[in-house]
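If you read the sequence from its start, that first residue is 1, and numbering goes on from there.
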Amino acid sequence: MELYRLTVHQARALLEKGEISTTELTRAVLDRIDAVDARVKAYLTIVADRALDQARDADAQWAEHRKNGTRAPALLGIPMAIKDEVCTRGVRTTAGSKILNNFVPPYDATVMEKLNAAGGILIGKTNQDEFAMGSSTENSRYFVTRNPWDLERVPGGSSGGSAAAMAADEALCALGTDTGGSVRQPASFTNTVGLRPTYGRVSRYGVVAFASSLDQVGPITKDVRDAATILGVIAGHDPREATAANLPVPDYESALAGAQLIAPLQGVRVGVPREYFAAGLQPGVERAVRDAIRVLESLGATTQEVTLPHTDYALPTYYLLAPAEASANLARYDGVKYGYRLEESNEMWEVMRATRGDGFGAEVKRRIMLGTYALSTGYYDAYYLKAQKVRTLIKQDFDRVFAAGVDVIVGPTSPSVAFKIGERVDDPLQMYLADVFTLSQALAGIPTISIPCGFDQGLPVGLQIIARAFDEERMLRVAYAYEQATEWHTRKPSL
Ligand code: GLN
């Protein structure tokens with residue numbers, strides 16, 4: 001088997017035995033990037049020399065661990081792809097925007113510090129929609145990333161680069177960020193696993209802010225076990241980030257044990273929301289998801305129809321709150337403090353106007369305008385405050401279902417399979433609809449994962465599994481049991 005195809009846990013087993021070296025593994029991944037990334041275009045920045053230096057270091061550390069019989073950190077020598085929304089010390093971080101085209105962070109995001117401490121090797125920064133606003137990676141100010149399953153189609157977004165890198169085996173694991181679906185929807189479009197943690201499970205410190213009450217970092221991986229591993233590494237309290245919950249981090253990987261049993265889901269109650277099978281859902285997607293639900297039943301789960309009556313309001317609520325928060329967060333890009341500056345005159349306001357006018361793309365400007373409007377005097381109560389109230393109703397829908405004894409809720413991740421490049425760029429509403437099923441969990445702050453569950457017209461379909469706040473373990477167990485019983489996640493595009 002080619003080394004670049006390995007999952008994190010497979011590579012780790014080989015590294016432990018000394019059957020492969022980190023340098024070989026890193027070279028294999030860099031060669032793979034050379035072979036396919038001109039077509040896929042997953043990466044904005046590749047740091048090959050830095051990665052090989054780190055690999056040499058990791059090899060020395062592995063030799064020590066093997067000699068002394070000590071346990072190596074979880075990701076020692078594992079090549080990683082990181083979404084460009086995440087600050088990396090000394091490595092350019094653009095968030096897909098022109099306004100940050102020259103920004104080299106002097107510090108690491110907390111999630112990066114944790115990955116580095118676990119021994120992970122940064123391979124590069126992945127392409128994304130500008131400031132994570134989008135569902136196709138077409139809003140990147142640099143170039144469009146292509147779906148490895150069909151190069152004429154989008155990989156989803158906004159973490160499309162990370163998802164494409166996983167599908168094309170251009171790293172062993174990846175990070176994305178999810179504000180309203182940006183980890184899960186690209187995972188579903190590329191036959192990969194994407195996990196959005198509970199709001200507060202993972203620190204946002206050093207992650208370029210889009211909508212602070214919604215943003216979460218999450219792993220995009222080749223299988224569920226790797227998602228559990230990465231979540232365990234990046235989760236936890238952070239004194240630098242007030243919303244990062246001060247709770248112990250479970251051992252997510254051990255939580256997966258038992259999935260090999262005959263009926264691993266015995267006693268698990270699965271809710272199937274009526275509202276997630278509404279008009280607009282592609283028939284082929286519905287078929288794959290219904291089949292997946294039958295697999296869960298065959299593993300011992302009991303299923304029941306549930307209702308989340310405010311589902312229809314998730315989209316308008318999200319598109320008031322997210323732009324409102326974005327309009328405030330993006331005020332910091334003024335051409336003065338850092339990043340891009342367009343200095344056509346020496347008058348301060350002119351410089352700011354020119355910098356923001358050229359530095360931001362159309363979708364970002366649309367959101368700043370929407371958000372500023374929704375927050376302005378006279379409209380605040382009618383829009384922002386109203387949306388906050390509806391957000392509570394959406395959260396209460398989930399509370400009610402879980403309080404009635406349902407353990408996890410399942411449904412489609414996206415109403416469609418990957419669409420064609422260019423198909424939705426001129427119609428923002430059509431683009432927004434790609435996330436109808438992923439917005440409400442983000443508004444409710446609860447964890448959710450997308451895993452491969454089949455194909456429609458040769459393109460991957462994702463199954464979404466949703467759990468109570470801070471109950472990632474149960475969600476991962478259900479996902480893992482399904483994955484063990486199926487082979488969808490092993491399918492690879494031919495490139
Ligand atoms: N597609 C949604 C948006 O454009 C969600 C993006 C995200 O999760 N970052 O806002």
Side-chain angles (χ1 to χ4, degrees), residues 1-13 32 42 78 81 147-150 155-156 159-160 162-176 183-196 218-231 252-253 255-260 264-265 284-285 287-296 298-299 301 408 410-414 417-418 448-456 458-465 472 475-495:
M1 180 165 169
E2 301 93 338
L3 294 185
Y4 55 79
R5 292 234 187 259
L6 296 172
T7 63
V8 173
H9 59 90
Q10 287 166 344
R12 189 182 160 94
R32 173 68 171 173
I78 300 296
N147 190 321
W149 289 90
D150 176 350
S159 315
S162 284
M166 283 300 94
D169 293 303
E170 296 182 69
L172 268 66
C173 61
L175 281 191
V183 157
R184 294 162 284 158
Q185 183 256 21
S188 103
F189 280 12
T190 55
N191 207 43
T192 58
V193 172
L195 187 156
R196 176 191 165 91
I220 301 181
T221 54
K222 299 180 190 180
D223 70 9
V224 172
R225 185 163 163 194
D226 283 359
T229 304
I230 305 298
L231 178 63
Y252 294 112
E253 232 185 305
L256 304 180
Q260 279 86 353
L265 298 183
V285 172
R287 217 172 306 123
V289 172
R290 298 255 186 225
D291 286 348
I293 293 168
R294 274 189 288 276
V295 172
L296 296 176
S298 77
L299 296 172
V408 293
V410 303
T413 304
S414 173
V417 292
T448 133
I449 191 170
S450 178
I451 59 172
C453 79
F455 287 79
D456 179 29
L459 295 164
V461 177
L463 174 72
Q464 186 172 205
I465 305 172
E472 281 89 356
M475 173 181 90
L476 282 162
R477 262 199 302 274
V478 174
Y480 189 60
Y482 176 83
E483 190 183 82
Q484 293 297 297
T486 53
E487 47 72 50
W488 304 117
H489 66 288
T490 62
R491 298 212 191 168
K492 286 285 173 183
S494 55
L495 269 170

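The shortest heavy-atom contact between Ser159 and Gly176 is OG-CA, 3.6 Å. Of all heavy-atom pairs between Phe189 and Pro460, the closest is O-CG, 3.6 Å. A pairwise comparison of heavy atoms in Leu265 and Ala481 identifies CD2-CB, 3.8 Å as the closest pair. Heavy-atom minimum distance, Lys492 versus Met166: NZ-O, 3.6 Å. The two residues Pro219 and Ala227 have their closest heavy-atom pair at CG-O, 3.7 Å. Val183 and Gly218 get closest at one heavy-atom pair: CG2-O, 4.0 Å.
One distance of note links NE2 of His489 with OG1 of Thr192; it measures 12.5 Å at 0.5 Å rounding. In this structure, CG in Leu296 is found 6.5 Å from CD1 in Ile465, a value given to the nearest 0.5 Å. Note that the OG1 atom of Thr486 and the CD1 atom of Ile451 stand 6.5 Å from one another [nearest 0.5 Å]. Of the inter-residue distances, the one linking Gln185 atom CD with Gln464 atom CD reads 11.0 Å to the nearest 0.5 angstrom. For the atom pair CD1 (Ile449) and OG1 (Thr413), the distance works out to 9.5 Å, reported to the nearest 0.5 Å. The OG1 atom of Thr490 sits 9.5 Å away from atom CD of Glu483, with the distance rounded to the nearest 0.5 Å.
You'll find the side chain of His9 reaches within 4.5 Å of the side chain of Asp223, heavy atoms only. In this structure, Leu476 and Leu195 have side chains that are in contact, with non-hydrogen atoms separated by less than 4.5 Å. Counting heavy atoms from C-beta outward, Arg184 and Thr448 have side chains that approach closer than 4.5 Å. Here the side chains of Leu299 and Gln484 are not in contact, with every heavy-atom distance at 4.5 Å or above. Counting heavy atoms from C-beta outward, Ile293 and Val289 have side chains that approach closer than 4.5 Å. Within the 4.5 Å cutoff, side-chain heavy atoms of Leu256 are placed close to those of Arg225. Residues Tyr480 and Pro264 are not in side-chain contact: their nearest non-hydrogen atoms beyond the backbone lie 4.5 Å or more apart. A 4.5 Å side-chain heavy-atom check between Thr221 and Thr7 finds every atom pair outside the cut-off.
Thr190 places no side-chain N or O within 3.5 Å of a backbone atom of Ala164 that could act as its donor or acceptor partner. Looking at Arg491, its side chain never comes within 3.5 Å of a backbone N or O of Gly454 through a donor-acceptor pair. A donor-acceptor pair under 3.5 Å is absent between the side-chain atoms of Lys222 and the main chain of Leu172, judged by distance alone. Looking at Asn191, its side chain does come within 3.5 Å of a backbone N or O of Trp488 through a donor-acceptor pair. Asp226 places no side-chain N or O within donor-acceptor distance of the main-chain N or O of Cys173, the cut-off being under 3.5 Å.
Residues satisfying the side-chain contact (heavy atoms from CB on, under 4.5 Å) test with Arg477, not counting sequence neighbours, are Ala255, Glu473, Arg474. Partners of Asp150 by salt bridge (Lys or Arg N to Asp or Glu O under 4.0 Å), not counting sequence neighbours, listed by chain and number: Arg153.
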